[in-house]
Every structure is written in structure tokens, then in C-alpha cells.
J.: 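Have a look at the structure that comes next, please.
All heavy atoms count here, side chains included; hydrogens, waters and symmetry mates do not. Quick note on labels: first sequence line is chain A, next is B, and so on, each numbered from 1.
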There are 2 protein chains.
Amino acid sequence: MFSIVQAMGNPNRDQEYLGKLQDYYADYRSIPSYAVIGDMLGMASKSAVSALIKRLTLAGYVEMTPDKRLAPTKRFFERELADFPIPAGMPAAANDAMSESLTIDEYLIPKPSNTIMVRVKGDSMIDAGIHDGDIAIVEKRHAASVGDIVVAVVDNEYTLKELGRDRQGYMLLPHNADYAPIRPQEGLEIFGIMVGLVRKYR
Amino acid sequence: MFSIVQAMGNPNRDQEYLGKLQDYYADYRSIPSYAVIGDMLGMASKSAVSALIKRLTLAGYVEMTPDKRLAPTKRFFERELADFPIPAGMPAAANDAMSESLTIDEYLIPKPSNTIMVRVKGDSMIDAGIHDGDIAIVEKRHAASVGDIVVAVVDNEYTLKELGRDRQGYMLLPHNADYAPIRPQEGLEIFGIMVGLVRKYR
DNA sequence: TACGATAGAGAACATTCGTTCCATAAGGGT
DNA sequence: ACCCTTATGGAACGAATGTTCTCTATCGTA
């Protein structure tokens, strides 16, 4: 077998180097020259950097563009997803058994072309863990099932609610005791269904 | 006055050039050399490219990294963000939500090498809108402030709680009436602080 | 402890980089 | 039609790039 980890000579060291490269790229959206990389990583020679880049290329973290410029690959942006409890050793150990790699975008947005993000306003869904200021990932479509959290058009306004139904027909259910269910007068237009949530702290 | 548009000599032309650069960057996550850019845009001389880059820099679409490497700015990605087909009435909210970021990863993870994702177990934080199965974005560090939601080590186990404090010292506050605050016996080890949350429906 | 593999230092090298200067073509505005 | 600004072509140049080679230090393993 030939795993990613094995492709990198000294996993720990290279993982650390990769981390610094990722941080730099996060700041500047560009990969610096070998000289600068060496400087950044504490290497005194470009040949060491050259070797490192070869290893990272083999491992699939970076690649050459058709113009022979160094560029990050998809894997460059992936993160480890660990389950509780976190193993004692920690620093993002590449343990395939209990962790998988993915980017958040990939995880939440399977169909980019008809997915939009909407900032949530108000507390009407707070009991569903959807807070004011959160970002809802919404997949646009006109059909929804009972129980889905949907973005619907009511009275020319967009609202985020759970789609409910009883003998009298469809309705929109807030998740907050202070709000009452909404029974649309003249039909209910579904704009899309909520497929994900993103919240940022601080 | 001095507007962005005025900063670009021939707006239409430069806009077209910018578009091609954006397309290239979308493909390879890297900006090619002046020679290649010229080739790509149908320019025969690098001096023309040099001038173009000066204009784009002035207009705020690209910039030089501290290492004098060309890199896209936030504004460089404007098009893709503005492209969201936002229906009338669906306020700029969608834009404003992440206006400064191209991807959710970028939005939530400023320090990739320091950040891990952990799947939340249990509902001890459910009143803070953190549910079982959600993914917590955790920035690793040992210092935290009261009020932060932290991943702490208690009895050799990792927990996610709010960091609290009273006269008797620090403690960990669940957000669920069924759970009691935790007062660590022998010191409190902070593993990291929660900086983001990601949830996927269905 | 000795061995083998490998990361890294250091220097030399051809290539490519982006800048700069000047000349020319193309528009836009009066 | 004129001028004046500006985009582009073309060539020359010094600086910086990444590769390659040899040599040394380090670390894991037998």
C-alpha cells in the first residue's frame, strides 16, 4: 500500500511545514518563492525547499499549473474531522480510522449552482438551534417535504420556517413559543430548503 | 472624486481582462507570469501586461504580497459573489453574510494549521444552539476568556462548554437545564476555543 | 554501536522574471 | 480634424527563480 502519509518522508515535520504554508496561503492567497518558503520554515537552502515541495506534490497537496507555477490542490484545503473523544496525542493526527478529510464547502454544498446563503434574521427558529445572524445554506427548489426547514414566500416576504401540515393544509411552523404558526392565505410558495447552517463566533 | 472605475483606463477592456484572469485563477488557484498573462489575453508584450497589472492594482483587484508576488484581493472575487441570483426581496443579506470570503472555509478558518473540526456529541449545549452531530470549528489554544465556548480537558475527557467564573474560580457551564456546571478539581486545561459551527440537514 | 536512509546546507547554473525605456497605434473629447 | 491621453509593441537589463550536484548532520533501526 501507499498512503498519503507514507509519501511524506517525515510526516510530523512535513505536516508542520504544510501547516505554515496553509496559514500563509490563507493570508495572501499565494504561494511564495522557494527562498521565502525556506525563510518561513527556517530552512537555509532552497534545495531543502525543493525537496519538500517534491514530497508535498507526491502527497497531493500542491501541484504545478500548466505554466509551471506552484499551486495548491483541493487536498491543500481539506481539514481533519475528528470525533469526540479526541485522541490524546492530538495535533491533527492523520488517523484514517476516526477522521475524514473534507472542506466545509464540499460538505455543505453539493450543488453550488443552485445553492445560496442567507443570513438569518430574528429569533423565530431559535428552538431549532437557528440563531439570529447565522448563515443558512439554502438549496433552491420548489418542492419540499413536511418537516423540512424551508425558505418560503409569504406576503411578499421571505421567511425561514419548518414546513408543517394538518387537516387544513400546509403551514409554516416557527420554533419559538412566542411565535404562532403561519397559515398562508393564498397558496404557499417554496423558495428553497435549508440544507446547512454556518455560524461564526466572536 | 476618484472611483474604482475611473482608475481603470478602458473599463470595458480591463473588465474583460480581469474576467479571464478570474477564470484562470478559478482553475488553478494561482496567477501566472506576465508572459503567460499576455499570451492568455492576446498581448504581445510584457510591458502591456505590466501596465494592466498596475491598473488592476490601483483598482484594488490584485495586490503584491509582502514578498512581491502578485495575489488576488477580496475584490478580485467580487464577481462570483455578486453573481448569486438573488431574487428581489431577498436582501443583500446573502452577500453581506460572507461578503469578504470566497468560501465557507475561508470565512470560518483564518488559521488553518491551528484549527480542527470536531463533531459534537450530546446535547449539553443545546440551549446555545449547538446540537448533537453538529461540527464545531475549534481553534487550538490554551488561553480563553470567560464567555468563550471552549473545548476543555476534564478527567481525561474532552468536553465542549462555556467558560465561566465566579468567586470560587473557573468552571464549565453547560447550556442545558438538565446538566450541572462542572467545577474542575485539579486545574482546568483548555484545549481550544470554538470559533464556528457547521450543521448539515438531512 | 554501527548502518542506512534522508533532511538539509551550500554553491553553481541556465532560465525566467518583471521593470524600464522608447516608439507607435488607437481612441475620446473639444 | 486636431490634440492629448493611454494602451500596446519591442528590446534590453539586472534581479530573482527553481534545478541540480555534492557534502554533512541527523535520526530510526537492526
Side-chain angles (χ1 to χ4, degrees), chain A residues 2-21 24-25 28-59 61-73 89 91 93-94, chain B residues 1-21 24-25 28-59 61-73 76:
Chain A
F2 184 78
S3 83
I4 298 293
V5 171
Q6 284 170 350
M8 305 203 309
N10 184 335
N12 295 332
R13 208 32 150 203
D14 280 3
Q15 204 70 39
E16 176 196 332
Y17 292 156
L18 175 62
K20 293 191 179 177
L21 272 182
Y24 185 100
Y25 193 92
Y28 300 114
R29 281 171 292 278
S30 150
I31 292 184
S33 73
Y34 284 23
V36 172
I37 294 177
D39 214 56
M40 197 162 68
L41 305 183
M43 292 171 168
S45 74
K46 289 186 292 178
S47 66
V49 177
S50 179
L52 169 66
I53 295 299
K54 279 208 184 81
R55 273 173 271 142
L56 291 180
T57 303
L58 252 183
Y61 288 103
V62 296
E63 68 184 356
M64 288 297 177
T65 70
D67 314 304
K68 318 207 170 179
R69 266 226 184 342
L70 201 54
T73 63
Chain B
M1 278 309 295
F2 184 80
S3 82
I4 299 295
V5 172
Q6 284 169 350
M8 303 204 312
N10 183 334
N12 296 333
R13 218 9 163 219
D14 279 4
Q15 206 66 40
E16 175 198 331
Y17 292 155
L18 176 61
K20 293 193 179 175
L21 271 182
Y24 185 99
Y25 192 92
Y28 301 114
R29 285 167 236 86
S30 147
I31 292 184
S33 74
Y34 284 22
V36 173
I37 294 178
D39 214 58
M40 197 161 68
L41 304 183
M43 291 170 171
S45 74
K46 289 186 293 178
S47 64
V49 177
S50 179
L52 169 65
I53 295 300
K54 277 207 185 79
R55 272 173 272 140
L56 291 181
T57 303
L58 251 183
Y61 288 103
V62 296
E63 68 182 355
M64 289 295 177
T65 70
D67 314 305
K68 317 206 169 177
R69 267 234 190 332
L70 202 54
T73 63
F76 184 86

J.: Output the single nucleotide from C:dG18, D:dG18, C:dT20 whose closest atom is nearest the side chain of A:S33.
T.: D:dG18

J.: For a 4.5 angstrom cut-off between non-hydrogen side-chain atoms, does B:L21 reach B:M40?
T.: yes

J.: Nearest whole Å is fine: how far is D:dG10 C1' from B:Y34 OH?
T.: 18 Å

J.: Between atom CD1 in A:I31 and atom P in D:dG18, what is the gap in whole Å?
T.: 11 Å

J.: Just the rounded figure in Å: distance from C1' of C:dT16 to CG of B:D39.
T.: 15 Å

J.: Could you check if a side-chain atom of A:T65 sits within less than 4.5 angstrom of a side-chain atom of B:Y24, using non-hydrogen atoms only?
T.: yes

J.: For the pair made of CZ in B:R69 and P in C:dT19, what is the distance, rounded to whole Å?
T.: 13 Å

J.: Please name all residues satisfying side-chain hydrogen bond (donor to acceptor under 3.5 Å, both in side chains) with B:Y28, sequence neighbours left out, ordered by chain then number.
T.: none

J.: Measure the distance from CD1 on B:I37 to C1' on C:dG18 and round it to the nearest whole Å.
T.: 11 Å

J.: What is the distance, to the nearest angstrom, from the CG atom on A:L70 to the C1' atom on C:dC17?
T.: 16 Å

J.: What pairs with A:S47 under side-chain contact (heavy atoms from CB on, under 4.5 Å), at least two apart in sequence or on another chain?
T.: A:S45

J.: Determine the minimum heavy-atom distance between A:A48 and A:M43, stating which atoms define it.
T.: CB-SD, 3.9 Å

J.: State, to 0.1 Å, how close B:V62 and B:I53 come at their nearest heavy-atom pair, and which atoms those are.
T.: CG2-O, 4.2 Å

J.: Take nucleotides 8-15 of chain C nucleotide by nucleotide from the 5' end and write B, S or -, depending on whether a protein heavy atom sits under 4.0 Å from the base, only from the sugar-phosphate, or from neither.
T.: SBB-----

J.: Nearest whole angstrom, please: distance from the P of D:dT19 to the CD1 of A:I53.
T.: 9 Å

J.: Rounded off to whole Å, could you give me the CE-to-C1' distance for the B:M64 and C:dC17 pair?
T.: 11 Å

